[in-house]
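In what follows, residues are counted from 1 in the order of the sequence shown.
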Amino acid sequence: MNRIVNITYIMVFVFSFFIKGSMNGQIDNQGDKKGQFDFWKGDWDVFKYGTDTLLGHSHIEVILNGFVIKESYSSSSSAYEGTSLSKFNSLIDKWEQYWVDNTGATLHLKGHYINDKMILSNQETHRQRIVHNRLTWTNLNGTGVRQKWEQSRDGKRWRVIFDGHYLPKN
């Protein structure tokens with residue numbers, strides 16, 4: 001019995017050391033990339049891009065010592081709500097976002113910040129069909145943020161699912 005307890009303590013110590021080292025390595029390699037998505041933070045009214053049609057409201061905040069961007073979205077015309085968590089993952093040298101909503105939908109996206117745009121994408125199987133998702137957030141430098149979500153079945157022809165203009169709340 002004593003031997004089992006000692007082995008357990010050793011395993012916990014080794015596991016703790018490994019996890020701490022792995023996490024520190026990730027944190028140390030964030031550099032300036034962790035702030036690349038900060039242009040999205042704020043309280044926003046979300047309009048259909050190019051119109052005055054209000055779609056919803058979004059609260060974007062930087063949390064967990066600046067390492068995570070959290071979005072809380074709610075529709076202005078229905079009970080629809082969703083939340084995303086985004087962070088730079090230095091282990092894969094990409095940004096990641098997890099989106100969940102009150103319909104049960106989930107998206108796990110990965111990508112990069114390029115030319116004032118955060119571009120995250122994935123490929124998933126939905127009802128035995130491959131679906132490509134590509135979401136682009138464009139920093140409109142003082143006039144808000146544009147978020148465009150496109151989908152494709154072949155990765156070549158895309159259709160717009162959502163095109164929102166995030167304008168600062170007054």
Side-chain angles (χ1 to χ4, degrees), residues 22-124 126 131-152 155 158-170:
S22 173
M23 289 175 65
N24 284 342
Q26 223 179 341
I27 291 169
D28 293 342
N29 293 324
Q30 297 293 314
D32 61 345
K33 292 185 178 184
K34 80 175 184 178
Q36 290 176 329
F37 212 176
D38 286 0
F39 68 85
W40 193 30
K41 70 182 175 182
D43 287 305
W44 308 94
D45 288 323
V46 183
F47 294 86
K48 183 176 180 182
Y49 191 79
T51 75
D52 62 355
T53 302
L54 181 65
L55 300 175
H57 310 281
S58 204
H59 173 73
I60 317 296
E61 61 185 313
V62 178
I63 61 172
L64 301 175
N65 297 327
F67 289 98
V68 177
I69 306 288
K70 178 183 177 187
E71 174 188 22
S72 299
Y73 177 84
S74 62
S75 171
S76 61
S77 61
S78 71
Y80 180 77
E81 296 179 319
T83 297
S84 69
L85 296 174
S86 305
K87 71 175 277 296
F88 181 75
N89 185 337
S90 63
L91 295 176
I92 60 172
D93 196 32
K94 291 183 180 182
W95 275 88
E96 289 185 289
Q97 183 181 91
Y98 293 91
W99 167 266
V100 293
D101 67 26
N102 63 350
T103 70
T106 303
L107 281 175
H108 178 208
L109 307 161
K110 297 178 184 178
H112 298 281
Y113 177 77
I114 304 166
N115 300 326
D116 286 334
K117 294 180 182 182
M118 183 62 72
I119 304 169
L120 305 177
S121 62
N122 77 353
Q123 177 182 313
E124 59 189 18
H126 181 69
V131 176
H132 301 265
N133 291 290
R134 177 174 61 200
L135 281 80
T136 303
W137 291 261
T138 304
N139 183 355
L140 299 176
N141 297 314
T143 60
V145 175
R146 181 179 188 179
Q147 179 188 4
K148 185 161 61 167
W149 177 8
E150 301 166 287
Q151 279 189 340
S152 173
W158 295 87
R159 67 184 175 103
V160 176
I161 301 298
F162 176 85
D163 196 357
H165 190 172
Y166 287 64
L167 292 172
K169 280 190 173 188
N170 294 329

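Within a 6.0 Å radius of CG in Asp93, more than 12 heavy atoms belonging to other residues, nucleotides or ligands are found. Counting heavy atoms of neighbouring residues, nucleotides and ligands inside a 6.0 Å radius, atom CG of Asn115 does not exceed 12 of them.
Taking the six-membered ring wherever Trp is involved, the centroid distance between the rings of Trp137 and Phe37 falls below 6.0 Å.
Thr83 is listed as a side-chain neighbour of Lys70, based on a closest heavy-atom distance under 4.5 Å. Contact check for Lys110 versus Asn89: no side-chain heavy atoms found under the 4.5 Å cut-off.
Defined by atom type and a distance below 3.5 Å, a donor-acceptor pair is missing between the side-chain atoms of Tyr49 and His165.
Distance check, rounded to the nearest 0.5 Å: OG1 of Thr138 to CD1 of Ile119 gives 7.5 Å. A distance of 5.0 Å separates NZ in Lys94 from NE2 in His112, rounded to the nearest 0.5 Å. If you take CG on Leu167 and OG1 on Thr143, they are separated by 7.5 Å, rounding to the nearest 0.5 Å. We find the CG-CG distance between Asp116 and Leu140 to be 9.5 Å, quoted to the nearest 0.5 Å. For the atom pair Leu135 CG and Gln151 CD, the distance stands at 9.0 Å (nearest 0.5 Å). Atom-to-atom distance recorded for Ser74:OG and His59:NE2 is 11.5 Å, nearest 0.5 angstrom.
Of the options Lys169, Gln147, Glu71, a side chain to side chain donor-acceptor pair (under 3.5 Å) to Ser58 is made by Glu71 and by none of the others.
No side-chain donor-acceptor contact under 3.5 Å links Ser78 to the backbone of Ser75. Listed for the Asp38 side chain is no donor-acceptor partner under 3.5 Å among the backbone atoms of Val62. Remark: the backbone N or O of Tyr98 is not paired with any side-chain donor or acceptor of Ser84 at under 3.5 angstrom.
Residues Asp101 and Trp99 approach most closely at OD2-NE1, 3.5 Å, considering heavy atoms. Ile69 and Trp40 make their closest contact through CG2-CE3, 4.0 Å (heavy atoms, listed as atom of the first residue, atom of the second, distance). Considering every non-hydrogen atom in both Gln36 and Trp95, the closest pair reads OE1-NE1, 2.8 Å. Here the shortest heavy-atom pairing between Arg134 and Ser121 reads CA-CB, 4.1 Å. The heavy-atom pair separating Phe88 from Lys33 by the smallest distance is CZ-CD, 3.3 Å. The two residues Tyr73 and Leu55 have their closest heavy-atom pair at OH-O, 3.4 Å.
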Point to revise | Test log, rule side chain to side chain contact (heavy atoms under 4.5 Å, CB included), inputs Leu109 and Trp149 | key: CA-CA 12 Å; Leu109 307 161; Trp149 177 8; over 6 Å; no

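With respect to the salt-bridge test (charged N to carboxylate O, under 4.0 angstrom), the residues Asp163 and Arg146 qualify.
Geometric assessment of Lys34 against the ring of Phe67 yields a positive cation-pi assignment under the 6.0 Å and 45° thresholds.
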